[in-house]
Amino acid sequence: MSHSAFFTRLGARQRKLGVAVLLTAFMSVSSAVAQQATPIQTYDVELLIFRNLSGRETPESWGVEAAGDEQQKLEIPEDDLEPAAPPPIVAPPDASFPPLPAAKMKLTAIEDSLRRSRAYQPVAHIGWTQPGYARNAAKFIPVNALVSATSGLQGQIALSRGRYLHLTLDLVLDGAATGDGSRYVLRQTRRMRSNERHYIDSPKFGVIAVITPSTG
């Protein structure tokens with residue numbers, strides 16, 4: 001083979017290699033851009049927190065989906081590594097999100113019913129809109145940023161998304177709100193279904209929660 005033919009073939013191979021490298025780089029950049037362009041789903045989170053004054057009535061009395069029977073309590077979500085348990089005592093990253101407008105609140109009628117009841121007493125009705133962060137990147141909202149100082153509520157709340165939505169509550173109701181000087185704690189991580197009402201309770205106070213995919 002002549003030197004000129006050899007270098008001609010070598011040049012052709014280099015050009016093909018160069019085109020292949022460029023195509024690979026282009027596909028990688030396109031994939032990265034597509035991933036960045038995919039928005040994270042945002043959710044409207046609404047919580048109605050209330051005291052249980054008598055314990056005689058049940059969640060069904062208020063038309064709320066009771067997600068607290070024994071079978072559901074023992075069920076382990078598929079993307080959980082261990083059963084739902086009180087959140088770890090750590091200093092998680094705090095976040096603040098835009099408040100949910102009153103026009104988007106879905107639990108107002110139930111709040112009105114609770115106010116008329118002798119068995120329940122509303123403590124706080126709060127809502128906000130936030131991204132559905134991955135479970136290992138969950139951002140906690142300080143409760144004192146959502147409620148009035150006179151509510152007696154303290155703690156933190158987080159919403160995260162794996163295969164399922166999970167709501168983590170770490171709430172304390174102190175004696176200023178209970179009237180008896182006691183402090184009551186509600187610590188749970190609950191698997192949630194969007195667009196459904198969920199009831200989460202402790203002996204003395206509870207939460208009705210609704211999480212809805214935000215439409216802007």
Side-chain angles (χ1 to χ4, degrees), residues 43-55 59 62 64 66-68 73 82-102 104-108 110-115 117-133 135-161 165-192 197-212:
Y43 294 91
D44 295 336
V45 183
E46 182 181 358
L47 304 180
L48 178 55
I49 304 167
F50 58 91
R51 287 185 63 199
N52 186 343
L53 303 178
S54 69
W62 304 104
V64 177
K73 282 184 178 179
E82 56 187 32
I89 306 301
V90 296
D94 288 346
S96 61
F97 302 109
L100 190 64
K104 286 191 171 184
M105 295 286 195
K106 300 178 181 296
L107 300 176
T108 303
I110 293 180
E111 180 184 14
D112 292 340
S113 296
L114 293 176
R115 292 192 185 281
S117 170
R118 295 182 180 180
Y120 294 105
Q121 179 185 69
V123 175
H125 189 182
I126 55 179
W128 64 92
T129 300
Q130 71 160 89
Y133 293 111
R135 298 198 70 192
N136 59 358
K139 300 182 186 302
F140 283 76
I141 304 175
V143 172
N144 59 11
L146 302 169
V147 302
S148 68
T150 59
S151 68
L153 279 172
Q154 304 171 26
Q156 58 191 8
I157 303 168
L159 175 71
S160 59
R161 181 181 180 184
L165 289 170
H166 289 81
L167 182 67
T168 296
L169 302 175
D170 183 2
L171 302 178
V172 176
L173 185 64
D174 66 23
T178 62
D180 59 7
S182 301
R183 299 175 77 250
Y184 302 109
V185 177
L186 194 164
R187 289 192 176 109
Q188 285 194 35
T189 295
R190 175 67 61 82
R191 191 173 82 184
M192 309 289 286
R197 293 191 298 260
H198 292 259
Y199 177 83
I200 306 166
D201 69 339
S202 71
K204 290 295 183 178
F205 76 109
V207 176
I208 302 171
V210 177
I211 299 174
T212 307

- Please round to the nearest 0.5 Å and tell me the distance separating atom CD1 of I141 and atom CD1 of I126. 8.0 Å

- Task: State, to 0.1 Å, how close L186 and G206 come at their nearest heavy-atom pair, and which atoms those are.
- Result: CD1-CA, 4.0 Å

- Task: Could you label the plane-to-plane angle of the F50 and Y120 rings as parallel, tilted or perpendicular, counting under 30° as parallel and over 60° as perpendicular?
- Result: perpendicular

- Rounded to the nearest 0.5 Å, what separation is found between the CG atom of L173 and the NZ atom of K204? 11.0 Å

- Query: Atom NE2 in H166, atom CZ in R135: separation rounded to 0.5 Å?
  - Reply: 4.0 Å

- Looking only at heavy atoms, which two atoms of V123 and S151 are closest? And how far apart? CG1-O, 3.6 Å

- Considering the options L171, I157, L146, which one meets the side chain to side chain contact (heavy atoms under 4.5 Å, CB included) requirement together with L47? I157

- Query: So, are D174 and R183 salt-bridged, with charged N and O less than 4.0 Å apart?
  - Reply: no

- Message: Rounded at 0.5 Å granularity, tell me how far OG in S96 sits from CD in Q130.
- Response: 11.0 Å

- Message: Apply side chain to side chain contact (heavy atoms under 4.5 Å, CB included) to residues L159 and I211 and explain how you reach the verdict.
- Response: CA-CA 9 Å; L159 175 71; I211 299 174; 3.3 Å; yes

- Exam field: side chain E46 to backbone K106, donor-acceptor pair closer than 3.5 Å: yes

- Item | Residue pair H125, L107: steps toward the side chain to side chain contact (heavy atoms under 4.5 Å, CB included) verdict | CA-CA 8 Å; H125 189 182; L107 300 176; 3.8 Å; yes

- Are N144 and Q154 linked by a side-chain donor-acceptor pair shorter than 3.5 Å? no

- Item | From CA spacing to verdict: side chain to side chain contact (heavy atoms under 4.5 Å, CB included), D201, N52 | CA-CA 9 Å; D201 69 339; N52 186 343; over 6 Å; no

- Message: Less than 4.5 Å apart, side chain to side chain, heavy atoms only: is that true for R115 and P122?
- Response: yes

- Message: Ring centroids only, cut at 6.0 angstrom: are Y184 and F205 within range, meaning strictly under it?
- Response: no

- Distance (rounded to the nearest 0.5 Å) between Q188 CD and T168 OG1: 10.0 Å

- Audit row: Y43, L165, side chain to side chain contact (heavy atoms under 4.5 Å, CB included) steps and yes/no: CA-CA 10 Å; Y43 294 91; L165 289 170; 3.8 Å; yes

- Item | Approximate separation, where rounding is to 0.5 Å, of L48 CG and S113 OG | 10.0 Å

- Would you tell me whether D44 and T212 have side-chain atoms, one donor and one acceptor, within less than 3.5 Å of each other? no

